[in-house]
Amino acid sequence: MATHTWTSNEARDKVIEMNSGMTEEEFFSGLKTEKAETLQHWMGKDDFFFCHWIAESEDQIYQQLEEWGLQDLLNTLIHPIYRFMSAYRNSDELEQFPQTGDKW
């Protein structure tokens, strides 16, 4: 999970303009490579927004942002996530909590 914030109001306006008029399909296909892929995106009117990424390493995500020219427009903090639950999926499988320490 990545937490992003804009480097400036101008950066925010530039990215919003670049994405205006895009469908979800266009947005997510544009954020997909062999190394990293954005699966979900949440953005409100606050300074922070969030993206659910899948990649083999955090470095691959940072590298993709740089290749797309976003490193100067966004500050990004990546949080590896080991547990996912969703009311949309509504699974009847038992969920495990991440373990503390080195076992996870």
Side-chain angles (χ1 to χ4, degrees):
M1 183 66 68
T3 302
H4 304 285
T5 187
W6 308 108
T7 56
S8 68
N9 289 337
E10 294 79 17
R12 180 196 63 225
D13 294 345
K14 180 177 181 178
V15 174
I16 289 174
E17 183 179 330
M18 289 169 34
N19 290 294
S20 66
M22 277 189 178
T23 65
E24 284 184 330
E25 181 179 8
E26 291 167 334
F27 179 85
F28 289 110
S29 67
L31 295 174
K32 180 179 181 177
T33 69
E34 291 181 20
K35 297 178 183 180
E37 178 179 358
T38 304
L39 301 177
Q40 297 181 81
H41 172 78
W42 298 267
M43 184 162 76
K45 294 183 179 183
D46 298 319
D47 291 336
F48 294 93
F49 62 100
F50 309 91
C51 293
H52 172 190
W53 287 79
I54 188 165
E56 291 181 14
S57 73
E58 292 177 39
D59 289 338
Q60 290 175 331
I61 297 170
Y62 288 119
Q63 182 179 353
Q64 281 310 135
L65 292 171
E66 187 172 337
E67 287 180 18
W68 291 326
L70 296 172
Q71 76 281 358
D72 295 329
L73 304 173
L74 305 173
N75 293 311
T76 299
L77 176 62
I78 296 175
H79 312 272
I81 303 296
Y82 301 103
R83 182 173 190 236
F84 170 75
M85 296 179 74
S86 172
Y88 295 110
R89 188 173 59 180
N90 205 24
S91 170
D92 61 356
E93 295 178 21
L94 296 175
E95 290 291 332
Q96 299 296 318
F97 285 91
Q99 302 297 313
T100 58
D102 296 331
K103 293 185 178 184
W104 237 86

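Computed from a predicted model, the values in this text were never measured in an experiment.
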Under a 3.5 Å distance rule, please check whether Thr5 uses its side chain to pair with a backbone N or O of Asp47 as donor and acceptor. yes
Other members of the hydrophobic cluster containing Met18, with the 4.5 Å side-chain heavy-atom rule, please. none
For the residue pair Gln60 and Ala36, what are the closest heavy atoms and their distance? O-CB, 4.1 Å
Those residues that, when tested against [X], pass side-chain contact (heavy atoms from CB on, under 4.5 Å) (two or more places apart):
{"X": "Leu70", "value": "Val15, Leu65, Trp68, Leu73, Leu74"}
{"X": "Leu77", "value": "His79"}
{"X": "Ala2", "value": "His4, Trp53, Thr76, Ile78"}
{"X": "Phe84", "value": "Gln40, Ser86, Arg89"}

[X]: partners by side-chain hydrogen bond (donor to acceptor under 3.5 Å, both in side chains), with sequence neighbours left out:
{"X": "Thr33", "value": "Gln64"}
{"X": "Glu10", "value": "Ser8"}
{"X": "Glu67", "value": "Gln63"}
{"X": "Ser20", "value": "none"}

Hydrophobic clusters here meaning ILVMFWY residues chained together by side-chain heavy-atom distances under 4.5 Å, can you tell me if Ile16 and Leu31 are in one? yes
Residues in ring-ring contact (aromatic ring centres under 6.0 Å, His included) with Phe50, at least two apart? none
Side-chain heavy-atom pair Trp42, Met1 within 4.5 angstrom cut-off: yes
Flag the pair Thr38 / Phe28 as yes when at least one side-chain heavy-atom distance between them is below 4.5 Å, and no otherwise. yes
In this structure, are over 12 heavy atoms from other groups packed under 6.0 Å from Leu39 atom CG?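 It does: Leu39 CG has more than 12 such atoms within range.
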Got a second to check how far Asn75's CG is from Phe48's CZ, nearest 0.5 Å? 9.0 Å
